[in-house]
Amino acid sequence: MPDQSLPKARTPEAGPGKSETAPAHEGISRRRLIGTAGATGLVLGTAGAAGGYAAAPSEAAAPLTSLGTDRAMFHGKHQPGITDGLQARGHLVAFDLAAGAGRKEAAALLRRWSETARRLMAGEPSTHADTDVARDAGPSSLTLTFGFGHSFFARTGLEKQRPAALDPLPEFSSDHLDKNRSNGDLWVQIGANDALVAFHALRAIQKDAGRAAKVRWQMNGFNRSPGATSHPMTARNLMGQIDGTRNPKPTESDFDQRVFVPEKPEKGDAAWMANGSYAVVRRIRMLLDDWEQLSVKAQEDVIGRRKSDGAALSGGTETTAMDLEKTDAKGNLVVPINAHARITRPDQNGGAAMLRRPFSFHDGIDADGVPDAGLLFICWQADPLRGFVPVQRKLDRGDALSQFIRHESSGLFAVPGGAAEGEYVGQKLLEG
């Protein structure tokens, strides 16, 4: 997982693509839970997915009694779930259109999904036989995000509208991919700070699919709950490393340029992707038994940062710039040449950058007693060929972390811009 770490907590500012606070019930105020760059990143995501950045945790540790009232907005310039603070619970699910279903059915499905997302994110029941799973809860920072896979365009007769940036990812030597758990026509990301709220949304989306689409694969993830630490801080991944220190921040002048497709796409870009982004999704298994046999010093050398506080091995605090040339008394580089944090730095990859917004996962213990655990790596960028791909190629050639992780599934999805009032996600593509 790239060293691109989480941005530090900041005071959120209203603006395009940002979640805004809105009262769930009259007389009850909602606090914002908007992370500066959107999530708690995990070091592993870096290694596994071409040097991305982990997003920042929600900005202030909210008292548990207020978690249910936090609300993200469905309508906006960008879809929710990209720059919002990473939630405690997440579900990723991919669908394939049913046999015989095409553009018309896909449009109707996205219309249903968008209305369901709008209602659930506002803390309202879904329109179709709501299950009441979340009856007693507020919005709980729920977000739903929708994207299109490469195969979607042939299935709907929209091949001419498929963006060049959605070309299949190249093969990497670290890949051990399960094709049944990769790609898909449609992709949905669900996040919430309450497990039942997240599950409720998952069931509603699945039910809305009806006969138009069937689930191809589904994965469940988690992160630290807001308020679990004494103060806001960069998250730790399942390897125990602070991860996300150098994630790009919305306050940076080139943030939108790195993460989102321009409002006026350049020549050759798909106009319907204006204000959208591309999501690379990778299930990266951490070989925790092997990792935990290393001494803390050896683990720090693999990553290039101190395990205790995330500071670079060259000294300073978590946010101190890494000195790549610093040597010890014996003349050895303090940050090893193959350290994960060194390899994934944007300035070591032609400026390649992405916004990482991952979830951890643990799917039990296998027959050999080994934990099936790791990172659901999700990174956002304006162009994966200039973001994810070059960094992952470099990681493939000599990242010290690579022997402790395994990429088991992969997907690339075009995530259009947000829906305006009265519109549904993807309408410009499906009705253009």
Side-chain angles (χ1 to χ4, degrees), residues 12-35 38-39 58-60 62-93 108-147 188-209 225-226 275 357 415-427:
E13 301 175 0
K18 303 291 187 299
S19 297
E20 298 194 34
T21 304
H25 305 287
E26 189 172 355
I28 299 178
S29 64
R30 294 181 182 279
R31 300 176 64 251
R32 294 191 186 192
L33 247 189
I34 307 171
S58 295
E59 144 158 354
L64 296 182
T65 53
S66 74
L67 290 182
T69 62
D70 292 319
R71 175 182 174 184
M73 305 306 290
F74 175 72
H75 295 295
K77 182 177 181 179
H78 309 298
Q79 284 197 59
I82 301 176
T83 59
D84 300 87
L86 189 62
Q87 303 98 322
R89 297 288 179 172
H91 300 294
L92 308 180
V93 56
L109 174 56
L110 267 297
R111 189 179 295 111
R112 291 196 298 274
W113 274 354
S114 295
E115 176 59 14
T116 292
R118 184 193 67 77
R119 292 178 63 88
L120 296 186
M121 286 175 57
E124 302 171 7
S126 60
T127 55
H128 305 102
D130 192 90
T131 61
D132 285 341
V133 172
R135 171 186 285 270
D136 306 308
S140 302
S141 297
L142 174 68
T143 60
L144 293 95
T145 317
F146 305 98
V188 184
Q189 173 191 252
I190 298 169
N193 280 328
D194 179 77
L196 287 180
V197 168
F199 177 79
H200 177 241
L202 176 65
R203 287 293 294 140
I205 289 298
Q206 183 183 0
K207 289 170 63 179
D208 277 352
S225 298
N275 297 316
R357 194 178 187 277
V415 177
E421 295 278 353
E423 294 183 350
Y424 64 88
V425 174
Q427 185 168 335

> So how far is it from Asp130 CG to Thr116 OG1, rounded to the nearest 0.5 Å?
Replying inline: 9.5 Å
> Roughly how far, to the nearest 0.5 Å, is the CG atom of Leu109 from the CD1 atom of Ile205?
Replying inline: 8.0 Å
> Donor-acceptor pair, Asn193 side chain versus Ala88 backbone, under 3.5 Å?
Replying inline: yes
>> Testing the basics here: between Lys77 and Asn275, what is the closest heavy-atom pair and its distance to 0.1 Å?
In response: CE-OD1, 3.2 Å
> Is there a donor-acceptor pair under 3.5 Å between the side chain of Glu421 and the backbone N or O of His75?
Replying inline: no
> About how many Å separate CG of Leu144 and NE2 of His91, when rounded to the nearest 0.5 Å?
Replying inline: 10.5 Å
>> Parallel, tilted or perpendicular, judged at 30° and 60°: which one describes the rings of Trp113 and Phe146?
In response: parallel
>> Test your reading of the model: is there a side-chain donor-acceptor pair from His200 to the backbone of Asp132, 3.5 Å cut-off?
In response: no
> Just how far is it from atom CG of Leu142 to atom CG of Asp194, taken to the nearest 0.5 Å?
Replying inline: 10.0 Å
>> Using side-chain heavy atoms (C-beta onward) and a distance below 4.5 Å, is Gln79 in contact with Val425?
In response: yes
> Would you call Lys207 and Thr131 a side-chain contact if the rule is heavy atoms closer than 4.5 Å?
Replying inline: yes
> Under 4.5 Å between any side-chain heavy atoms of Ser126 and Leu120, yes or no?
Replying inline: yes
> How close do Phe74 and Pro80 get, heavy atom to heavy atom, and via which atoms?
Replying inline: O-CD, 3.7 Å
>> To the nearest 0.5 Å, what is the distance between CZ on Arg89 and OG on Ser225?
In response: 7.0 Å
> Which one of Ser141, Pro226, Ser140 satisfies the side-chain contact (heavy atoms from CB on, under 4.5 Å) criterion with Leu67?
Replying inline: Pro226
> Side-chain contact, heavy-atom cut-off 4.5 Å: Arg119 with Pro125?
Replying inline: yes
>> Nearest 0.5 Å, please: how far is CZ in Arg71 from OG1 in Thr143?
In response: 13.0 Å
